[in-house]
There are 2 protein chains.
Amino acid sequence: MKGGVAGSGRERITLRVALGPRSYPIELGRGTLAGAGAAIAHHTGARQAVIVSVPPVARRYAAELARSLRAAGMRVHRIEVPDGDRSKSLGQVARLYDAFLECGIDRASAVVALGGGMVGDLAGFAAASFLRGLPFVQVPTSVLAMVDSSIGGKVGVNLPQGKNLVGAFHQPRLVWIDVAVLRSLPVRQRAAGFAEVIKAGALWDARFFALLEREAESLVRLESPELLGVLARACAIKAEIVRRDERETGVRMLLNFGHTLAHAVEALTGYRRVLHGEAVAMGMVFAARRSEQLGLGAPGTALRLEALLRRVGLPTELPRLPRSAYLEALRVDKKRRDARIHYVVLRRIGRSETVPLTPAEILPREPRAARRRAPRPGRRRT
Amino acid sequence: MKGGVAGSGRERITLRVALGPRSYPIELGRGTLAGAGAAIAHHTGARQAVIVSVPPVARRYAAELARSLRAAGMRVHRIEVPDGDRSKSLGQVARLYDAFLECGIDRASAVVALGGGMVGDLAGFAAASFLRGLPFVQVPTSVLAMVDSSIGGKVGVNLPQGKNLVGAFHQPRLVWIDVAVLRSLPVRQRAAGFAEVIKAGALWDARFFALLEREAESLVRLESPELLGVLARACAIKAEIVRRDERETGVRMLLNFGHTLAHAVEALTGYRRVLHGEAVAMGMVFAARRSEQLGLGAPGTALRLEALLRRVGLPTELPRLPRSAYLEALRVDKKRRDARIHYVVLRRIGRSETVPLTPAEILPREPRAARRRAPRPGRRRT
């Protein structure tokens, strides 16, 4: 699948996440929301559905989705959670459980997440844990959720101490993507989502990255004829990596490119002010620079990545906070295994690998001095 | 495995729960607690362990278990939760997450549940969800936990609205059973645990049931030479059923024999006063009688089951509460699929099956009148 060509002009694309008995399709299209109900009924076998969403998304799309579910013969319930990443909490999970009980949700019911990454992660964790697991469907409405968080089964919530510290692997039965809904997404959110699209190209597919360089501004404006194909290619990269390593014991760790520092930034700013994609953009540029400093990345890689991120309107510099604050934030990062973190370095555009590094090695006291220090042998991993 | 003979006099028995990549051993022995550490290190590969327990158990056994873990080269942390089923709550799960973070628990850490069913279910759910899943070990210290709740990967907590409404399937890496610890278990708790042993015989293995009839009183007094073999046989039945149906879509439902009404009793008495095994004893006798009333159970089966349960000191009559209260409690039972419950009926000793029944059919307004009513055709299941 690596190096596949992005589609051009097609209005429906079907991908498949190949995970044996947990396999599922990703259906991309334009103006296809009204078709979701029949597909959801088909792929879940459920007789009722509960749509979990946030007010701004629900206002626009929940009625249409509910209609299509009813047309497919399902009873439909709707639950709204407050907008914003702060809702990705144990408290909101408990509220969802209560709402599920009030709706009479049983094992023949599907949970349908209609929204961005927060909604998918939160509703997905509730679906994973209520009655020990209900059928789950993702209807992502943000770029980020479409290409990243809705695919691969990682669901969960944050704790006050850090992001995604609690969760499960719970694959959806279907991911239904209607790119028409992106029109109503604020441009800042769109740009943040493209951070994950760019990440997919940077860590996996240099040709795809070059396509993004050709189309950057028009993609964010949703005017590029390549839009559907670009989103599909980003989905396909994610699907391929998940297929190879569902439980993140190897290659899937590459998807954390930029995320180690991104999680620290988000924790340190209280999950406000900085969007996840923005934090990822900062974290990726930091990681690409650090890769070059460690002699692991080809010179100029960070600059090229930074330039593309800037063109889609993303920030690329970490907030100025004390090093000690970042170190403390890394200490609770869940990817830590003993003292070392599987840190993703960028060898060049299209090729990444993980290296076990301590927080202090990721964030050296004097970054410039580190440039000449070669990494210790025997500590690299691919 | 069905119909296997219980061991006699052996002091170590190893069983295996065969679940492909999630397979694990059950090690039964007498006075073997000091050997747990090496086995836990071997089966988890973890470099640190957190023992989760309750005060009365921790006081007796946590130090010895911690010593054996340290002797195996592991860092050890200890966490205690309040005793009693009320600790099986979302609030206590959140407390465990906090404690895990304070201990610096990472993915190379094992969660070790030392205690009865509550501890195993609670610690197991925390292990299943923290960092999306940590290696988990069961060191059960009650009869009930040894033969039932520690095997099969069902973990979870209660909600105020009902039992086990939230949870996961998270198989342990090892179940370590030292029957010597049962000496310190109050006799009422022991008897309650034997309800699940008797359940295993009643639903699966008539020869085993007959052995229990020969040894009943001496088993509860822990004086029977068959004790280790009896516990191993009950474990083996559970392991075999779990092997055939890990996710409870078929034969595993049989393990719910007696549990539909048991959960209702527990919910209606606020998870106090009545022990789980006592509630199961009541629920089994109710189910066996109802099976006969429906023409599905051989006459006399309920009486035989009731007699054995009474000999080990268990109650067999449901608390006198309004039928409406029981019906309401069944409505939120998690086994409900639409309006019907997969209710386990007892055909005869050693043979059970599920029948989809509505709450009203399980609890008819006039039970005596129902005796002559044959079940509607086409609604049985095996």
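A, B, ... follow the sequence lines: proteins, then strands. Residue 1 opens every chain.
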(message) Determine whether A:Gln161 and B:Glu102 satisfy the following criterion, side-chain contact (heavy atoms from CB on, under 4.5 Å), listing intermediate values before the conclusion.
(response) CA-CA 10 Å; A:Gln161 297 94 329; B:Glu102 274 190 28; over 6 Å; no
(request) Enter the distance from A:Arg340:CZ to B:Asp106:CG here, rounded to the nearest 0.5 Å. (result) 13.5 Å
(request) Could you tell me which portion of B:Phe100 (side chain, backbone, both or neither) has an atom closer than 4.5 angstrom to a non-hydrogen atom of chain A? (result) neither
(message) Between B:Val155 and A:Arg132, does the side-chain contact (heavy atoms from CB on, under 4.5 Å) criterion hold? Intermediate values first, please.
(response) CA-CA 8 Å; B:Val155 293; A:Arg132 293 201 187 87; 5.8 Å; no
(message) Just verifying a value: how many Å separate B:Tyr97 OH and A:Leu90 CG, rounded to the nearest 0.5 Å?
(response) 6.0 Å
(message) Could you measure the distance from the CG atom of B:Leu159 to the CG atom of A:Asp98? Nearest 0.5 Å is fine.
(response) 7.0 Å
